[in-house]
There are 2 protein chains.
Amino acid sequence: MAKISALEGPMSFSVETLREAGLRPTRQRISLAKLLFDGVDRHVTAEALHAEAQAAGIRVSLATIYNTLHQFTEVGLLRQVVVDGARTYFDTNIDDHHHFYFEDEGDLVDIPGDSIVVSGLPNVPAGTTQSRVEVVVRVKGRRRS
Amino acid sequence: MAKISALEGPMSFSVETLREAGLRPTRQRISLAKLLFDGVDRHVTAEALHAEAQAAGIRVSLATIYNTLHQFTEVGLLRQVVVDGARTYFDTNIDDHHHFYFEDEGDLVDIPGDSIVVSGLPNVPAGTTQSRVEVVVRVKGRRRS
DNA sequence: TCAATTATTTAGAACGGTTCTAAGGTGAAA
DNA sequence: TTTCACCTTAGAACCGTTCTAAATAATTGA
C-alpha cells in the first residue's frame with residue numbers, strides 16, 4: 001500500500017490516471033501502463049505487448065493484456081487502429097493523426113496530425129454521426145535504415 | 001476497365017476476362033463473376049458471397065469462394081478493404097475511391113472518387129513506394145431509410 | 001486492523017473467420 | 001480421347017481473440 005509510489009515512473013502517467021478512469025491500479029495495469037506510456041508514441045499488438053512484458057519480467061497473462069488494452073481504449077487512453085485483418089493495433093497517440101502502414105513489415109507509423117488535410121468530405125447519412133476519419137497511406141517495400 | 005460488365009454482357013465478361021487473367025473459366029469462377037460483376041458496385045465478404053451463391057443455386061464450396069476472391073484480387077478484378085478486424089471485405093469497384101463504414105451495421109459504402117481530396121501527403125520513406133491511400137469515414141448510428 | 005465485498009486476473013477452453021491438405025474432378029492441348 | 005496441369009472440395013488445422021469460472025487482489029467499513 002505504501003509502496004505504490006515506488007512503482008511510478010518519471011513519465012506523465014500516474015496511478016491517479018487509472019483511478020480517475022475508474023480502473024483499480026493493479027500491479028498488472030500499472031506495469032503495462034508504464035510500458036505503454038513511456039513518453040514515446042507506440043503501436044502495439046496484444047501479442048507484442050505480452051512478449052515485451054514477459055521480457056521485462058512482468059507476470060501477466062495474455063487474457064489480461066487483451067482486457068487491459070480494451071479497457072484503456074474504452075477510457076480513451078488508447079486508440080484502436082485497423083489496417084490488417086489479421087491483428088489489431090493499439091496506438092498510444094490519441095490525438096488526431098494518420099498512419100503509414102508498411103505492408104511488408106506489418107509496421108504502423110504515425111504521420112503528424114497537421115501534415116495531411118482531407119477536404120471534400122461528404123455529409124454523413126441522416127441518423128448517423130461521423131465518429132472519425134482515418135487515412136492510411138499503404139506502403140510497399142523495405143525502408144532503408 | 002472497372003465497368004466492363006456494365007458495357008458488355010455478363011457472359012462475355014466472365015469468360016474473356018478470366019482467360020486474359022490466366023484463370024481457367026470454370027463453372028464456379030464464371031458463376032461467381034456473374035454475381036459479382038453485374039454492373040453495380042458491391043462490397044462482399046466471403047460468407048456473404050457464399051450465402052448468395054447458395055441462394056442462387058450455385059454449388060460452390062466456401063474454400064472456392066476464398067480462393068476465387070483472392071485470385072480475382074490478385075489479377076485486379078477486386079480490391080480488398082480492411083475496416084473491421086473480424087472480416088475481410090472485397091470491393092468490385094477498383095477505381096480510386098474511399099469509403100463510409102457504418103460501424104453499427106458492419107456495412108461499407110463507396111464515396112465517389114472525386115469528392116474527397118487528400119492533400120499534404122508526406123513523401124514515403126526511402127526504399128519504399130506508396131501503394132495506395134485509403135480514407136475511411138467511420139460513422140455511428142443507424143441510417144434512416 | 002481484518003473481515004466482507006467487489007473487482008481483477010488467470011489458465012485453458014471455446015470461438016469464428018480464414019487457410020491448408022490431399023484426394024477427386026475438370027478444362028484444354030494434341 | 002488421352003493426358004496432365006489446373007481446379008474444387010470437405011474437413012481439419014490454424015490463429016488471434018473472447019469467454020468461463022475459479023483463484024486472487026484491492027477496497028470498504030466496522
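Throughout, a chain's letter reflects where its sequence line sits, starting with A, and its residues are numbered from 1. Worth saying up front: this structure is predicted, and the values here are computed from it rather than measured.
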Minimum-distance nucleotide to [X] side chain [options: [options]]:
{"X": "B/E47", "options": "C/dC20, C/dT8, C/dG17", "value": "C/dG17"}
{"X": "A/P25", "options": "D/dT17, D/dT27, C/dC20", "value": "D/dT27"}
{"X": "B/R24", "options": "C/dG27, C/dG17, C/dT6", "value": "C/dG27"}

Original post:
How about B/E74 and B/F72: do any of their side-chain heavy atoms sit closer than 4.5 Å?
Top reply: no
**OP:** Could you say whether B/R59 or B/L62 is positioned toward the 5' end of DNA chain C, judged by the nucleotide with the nearest heavy atom to each?
**Re:** B/L62
Original post:
Between B/T26 and B/A46, which is nearer to the 5' end of DNA chain C once each is assigned its nearest nucleotide?
Top reply: B/A46
Subject >> Flag if over 12 foreign heavy atoms under 6.0 Å of CG, B/D107 >> reply: yes
Original post:
Between CG of A/L77 and CG of A/L69, what distance do you get to the nearest 0.5 Å?
Top reply: 11.0 Å
**OP:** Indicate, with a heavy-atom threshold strictly under 4.0 Å, whether B/H50 touches base, sugar-phosphate, or nothing.
**Re:** nothing
Subject >> B/D114 versus B/H97, side-chain donor and acceptor atoms under 3.5 Å >> reply: no
[X] side chain near [N] phosphate (N/O to OP1/OP2, under 4.0 Å):
{"X": "A/S61", "N": "C/dT10", "answer": "yes"}
{"X": "B/H70", "N": "C/dT18", "answer": "no"}
{"X": "A/R27", "N": "D/dA26", "answer": "no"}
{"X": "A/Q28", "N": "D/dA25", "answer": "no"}
{"X": "A/T88", "N": "D/dT17", "answer": "yes"}

Send over the distance from [X] [atom1] to [N] [atom2], rounded to a whole Å.
{"X": "A/I65", "N": "D/dT17", "atom1": "CD1", "atom2": "P", "result": "12 Å"}
{"X": "A/D84", "N": "D/dG16", "atom1": "CG", "atom2": "P", "result": "11 Å"}
{"X": "A/F72", "N": "C/dT9", "atom1": "CZ", "atom2": "C1'", "result": "14 Å"}
{"X": "A/I30", "N": "C/dT9", "atom1": "CD1", "atom2": "C1'", "result": "14 Å"}
{"X": "A/L18", "N": "C/dT9", "atom1": "CG", "atom2": "P", "result": "10 Å"}
{"X": "B/Y66", "N": "D/dT9", "atom1": "OH", "atom2": "P", "result": "15 Å"}
{"X": "A/R19", "N": "C/dA7", "atom1": "CZ", "atom2": "P", "result": "15 Å"}
{"X": "B/R87", "N": "C/dC15", "atom1": "CZ", "atom2": "P", "result": "18 Å"}

**OP:** Please answer: with hydrophobic residues joined when any side-chain heavy atoms are less than 4.5 Å apart, are A/V136 and A/I111 in the same cluster?
**Re:** no
